[in-house]
Number of protein chains: 2
Amino acid sequence: MAGIKDVAKKAGVSVSTVSNVINGRHAKMGARTLRRVQDAITELNYTPNSVARQLKSGHTKTLGLVVPSVANPFWGNVSQLIEKAALKRGYQVLICNAERDPQLEATYMNSLYGSSVRGTILGSSPVSFDHLREHSEKGMHIAAFDRTTQGAQGVVSCSVSVDQALGARLATRHLIGLGHKRIAFISGPIGTSSRIARLEGMRSELEKDGLILEDDMIWLGPNACGFGDSHAAELGRTAARELLTQDNPPTALFAVNDMYAIGACSGARELGYRVPDDLSVVGFDDIIMSKVMEPPLTTVRQPADQMAELIVANLIHTLEDEDGAEDPHVILRPELIVRNSTAAPKSHRERSHRAMP
Amino acid sequence: MAGIKDVAKKAGVSVSTVSNVINGRHAKMGARTLRRVQDAITELNYTPNSVARQLKSGHTKTLGLVVPSVANPFWGNVSQLIEKAALKRGYQVLICNAERDPQLEATYMNSLYGSSVRGTILGSSPVSFDHLREHSEKGMHIAAFDRTTQGAQGVVSCSVSVDQALGARLATRHLIGLGHKRIAFISGPIGTSSRIARLEGMRSELEKDGLILEDDMIWLGPNACGFGDSHAAELGRTAARELLTQDNPPTALFAVNDMYAIGACSGARELGYRVPDDLSVVGFDDIIMSKVMEPPLTTVRQPADQMAELIVANLIHTLEDEDGAEDPHVILRPELIVRNSTAAPKSHRERSHRAMP
DNA sequence: GCTCGTTGGTAATACGTTATACATACTACA
DNA sequence: TGTAGTATGTATAACGTATTACCAACGAGC
């Protein structure tokens, strides 16, 4: 309610002087005047209106962050890490839950652009970037998080991601090493580039051993379902039930992320399967929950804190310097964390036993 | 980059005319002019600058949301529900992770106020509202979520919460009914009103049966620790380890929320305890994970979706109508969800067994 | 022919802040 | 005394939009 003018009037100085005080330009200012202005500010409980401020300056110290949904613990965690990294550099962040919906993403992007945001971080999103091209052309800097930038030339200014295919290969290799031959992949709708990469990584690793990823070993959720991430665990549960009740069920599951994996464990248990004795499960992400659940989940870790730091640093760099980040496209190595949800398949163990004595 | 002026120039009309088109006031406007303006808008790829718009109109259709941390799945979920409820009514929401820190809360509140936000929803926060009084006086409408409004007269305009003490009593009664006598309470730093209410609810229910909540049955985390919610599971794990290794350990745990409960289960297992055979655990919130973990967690459900709807509706109502919401302070009933993490204590079962035959 | 209302549009101003350029008063020095 | 130099402030034009008041043209009714 109180504006800079009110402060000026109360202190008996000009608006400009108050502005100078606010912005720390009181180097060459009378001590008495400075004092009076400060008193007036506290007395009127004055807060500068940043809307007006940014209208003037043309840009905000604000980053957009578009994620599938903060209800998914992975993205909730990432959001917080990104916010912290941004805050450290004097930037705020606007979080948007786009539910992997291109339409929604575009809407949010428009709204961000209208709020003078000129840099936004895009969490795992649809393969195509076409719906965002116009924003990029208008001057929005887009940073891709957790996805390749394939098909995004010119619209994405920087990116940070784990090598998705490698992560999938590590998981698959681990399962193959344990003796599994029939391994299923479970995921929701596979419309995003990171999910495709994980599926293909798994397929290619299997093929190295002459194994083939059959169609009945790929579970991609109900057709055309627009579920956000809130239902991931639920879907994982359904996936396990359907896969395990079919003829010739898998002995191991590779889930596209930890929430699906956790749900799958639950679904398997309901059918009387024990994890890992009767079924091995590998996840992706290494969310906090994975360490703490029963059994602790074998999973592929994404170094979320490091990724958050990098993406924020790079985006701000491209925003502030004209010449862009020195290394705009970072790909990190994921790490396989072996815990207790994986073991040799039953048949294999029995064979080994017989062979042993 | 393209402003309303550019559109006007391109269409050969005045700025005001374009403004009229944008805001749907083209009722009595020449079809040809309208057409030209619309063409110019799409051609220039024009997006209205909402910063300028709100500077003019003085207020934004934006709500603040201050939560401990979206990295906690409960708050992540709540945030998404609140965002959805707000969007439905044409409002955006700004999410802030304040880590239960009064200082940070005040900082965020200032920043929100400076962004012309005049209504914010405050997730479980410190007991005292003193640090927010000044904002309330400046005209910020504050809605309390998941907490009582005690000590908040005049600063909070509406609130939605579950009856925290009742929830704790339901949980405690359930454990007492199973035969537990030595029940521990685990929580992080107990600086928030909802946590105090849960602790006191438990204490009072125990006393109904002549049971006393000893000091060594209350675990409140490391002294003066400023942890946000990211570490809740970790803390729960530590809690269980410390409580179970002391003399005369508890037979049941009531955790202040599900994340602590899940962590506690993990910690107990590491010590060789089986849940629920050797130790019963009850949580609070009923996050998605609770249903899906092993064993499924007995917990006190907060109807998060309903709460989100109510708080948003009430806050917007007080914002738009001068006379405030008709029922500004809603207290809902929590519900005990009995799953598989609770059972009769061992001693009790043995006694029963001996008595049986 | 005159006023009046209607239709389709324009011009000007305000919103709260910042930045630029300029004004004053005082000091130092020739 | 005049000139330059140096502190210390101030006036004012943007920023992009929304609103208010206003204007022109054109019939219609008197």
Side-chain angles (χ1 to χ4, degrees), chain A residues 1-38 40-41 44-62 110-118 138-139, chain B residues 1-38 40-41 44-62 110-118 138-139:
Chain A
M1 302 236 165
I4 197 174
K5 278 192 289 209
D6 305 298
V7 177
K9 199 180 297 173
K10 175 138 222 154
V13 299
S14 78
V15 175
S16 322
T17 303
V18 179
S19 171
N20 285 334
V21 172
I22 294 168
N23 296 291
R25 287 185 295 266
H26 48 245
K28 36 181 73 176
M29 212 158 92
R32 207 186 39 139
T33 319
L34 174 58
R35 189 61 203 237
R36 279 222 311 261
V37 172
Q38 287 173 330
I41 286 178
L44 290 174
N45 205 347
Y46 163 73
T47 308
N49 181 331
S50 67
V51 173
R53 183 177 279 180
Q54 55 195 242
L55 170 61
K56 182 72 182 90
S57 68
H59 67 281
T60 48
K61 282 225 160 192
T62 301
N110 245 330
S111 148
L112 288 170
Y113 186 89
S115 306
S116 298
V117 173
R118 287 298 172 269
K138 278 198 292 193
Chain B
M1 303 239 162
I4 198 172
K5 276 192 290 208
D6 305 299
V7 177
K9 198 181 298 174
K10 175 138 223 154
V13 299
S14 78
V15 175
S16 322
T17 303
V18 179
S19 170
N20 285 333
V21 172
I22 294 167
N23 296 289
R25 288 186 294 266
H26 48 247
K28 33 185 72 177
M29 211 156 93
R32 205 185 40 138
T33 319
L34 174 59
R35 189 61 204 233
R36 279 223 310 263
V37 172
Q38 288 173 330
I41 286 179
L44 290 176
N45 206 346
Y46 163 74
T47 309
N49 180 330
S50 69
V51 172
R53 181 177 282 180
Q54 57 195 241
L55 170 61
K56 182 70 182 105
S57 67
H59 68 280
T60 49
K61 281 225 163 193
T62 302
N110 244 329
S111 148
L112 288 170
Y113 185 89
S115 305
S116 298
V117 173
R118 288 297 172 270
K138 279 200 290 194

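Below, read A as the first sequence line, B as the second, and so on, with proteins coming before strands; counting in each chain starts at 1. In this text the structure is predicted, and so the values were computed from the model without any measurement.
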Whole Å only: how far is the [atom1] atom of [X] from the [atom2] atom of [N]?
X	N	atom1	atom2	value
Ile41(A)	dG16(C)	CD1	C1'	14 Å
Lys28(A)	dT10(D)	NZ	P	16 Å
Leu55(A)	dT17(D)	CG	C1'	8 Å
Arg32(B)	dG9(C)	CZ	C1'	12 Å
Leu34(A)	dT10(D)	CG	P	13 Å
Asn20(A)	dA11(D)	CG	C1'	13 Å
Gln54(B)	dT17(D)	CD	P	12 Å
Lys9(B)	dG16(D)	NZ	P	12 Å

To the nearest 10 degrees, how far apart in direction are the end axes of the helix from dG1(C)-dC30(D) to dA30(C)-dT1(D), each fit to five base pairs?
-> 80°
Mark yes when over 12 heavy atoms from residues, nucleotides or ligands other than [X] sit less than 6.0 Å from its [atom1]; otherwise mark no.
X	atom1	answer
Lys61(A)	NZ	yes
Lys138(B)	NZ	yes
Arg35(B)	CZ	no

Are any of [X]'s side-chain N or O atoms less than 4.0 Å away from OP1 or OP2 of [N]?
X	N	value
Ser14(A)	dG9(D)	no
Thr33(A)	dG9(D)	yes
Arg25(A)	dT18(C)	no
Ser16(A)	dT12(D)	no
Asn49(A)	dC15(C)	no

Donor-acceptor side-chain pairing of Thr17(A) and Ser14(A) below 3.5 angstrom | yes
Given the options Ser16(B), Pro48(B), Ser19(B), Ile4(B) meets side chain to side chain contact (heavy atoms under 4.5 Å, CB included) only with Ser19(B)
Test item: Ser116(A) side-chain N/O and Thr60(A) main-chain N/O as donor-acceptor pair under 3.5 Å = no
Just to be sure I understand the rule, does [X] reach a base, reach only the sugar-phosphate, or reach nothing, if contact means heavy atoms closer than 4.0 Å?
X	result
Thr17(A)	base
Val13(A)	sugar-phosphate
Gly58(A)	nothing

Rounded to the nearest 0.5 Å, what's the gap from NZ on Lys56(A) to CG on Leu55(B)? Could you check?
-> 12.5 Å
With DNA chain C as reference, determine whether Ser57(B) or Gly12(B) sits nearer its 5' end, using the nearest nucleotide of each.
-> Gly12(B)
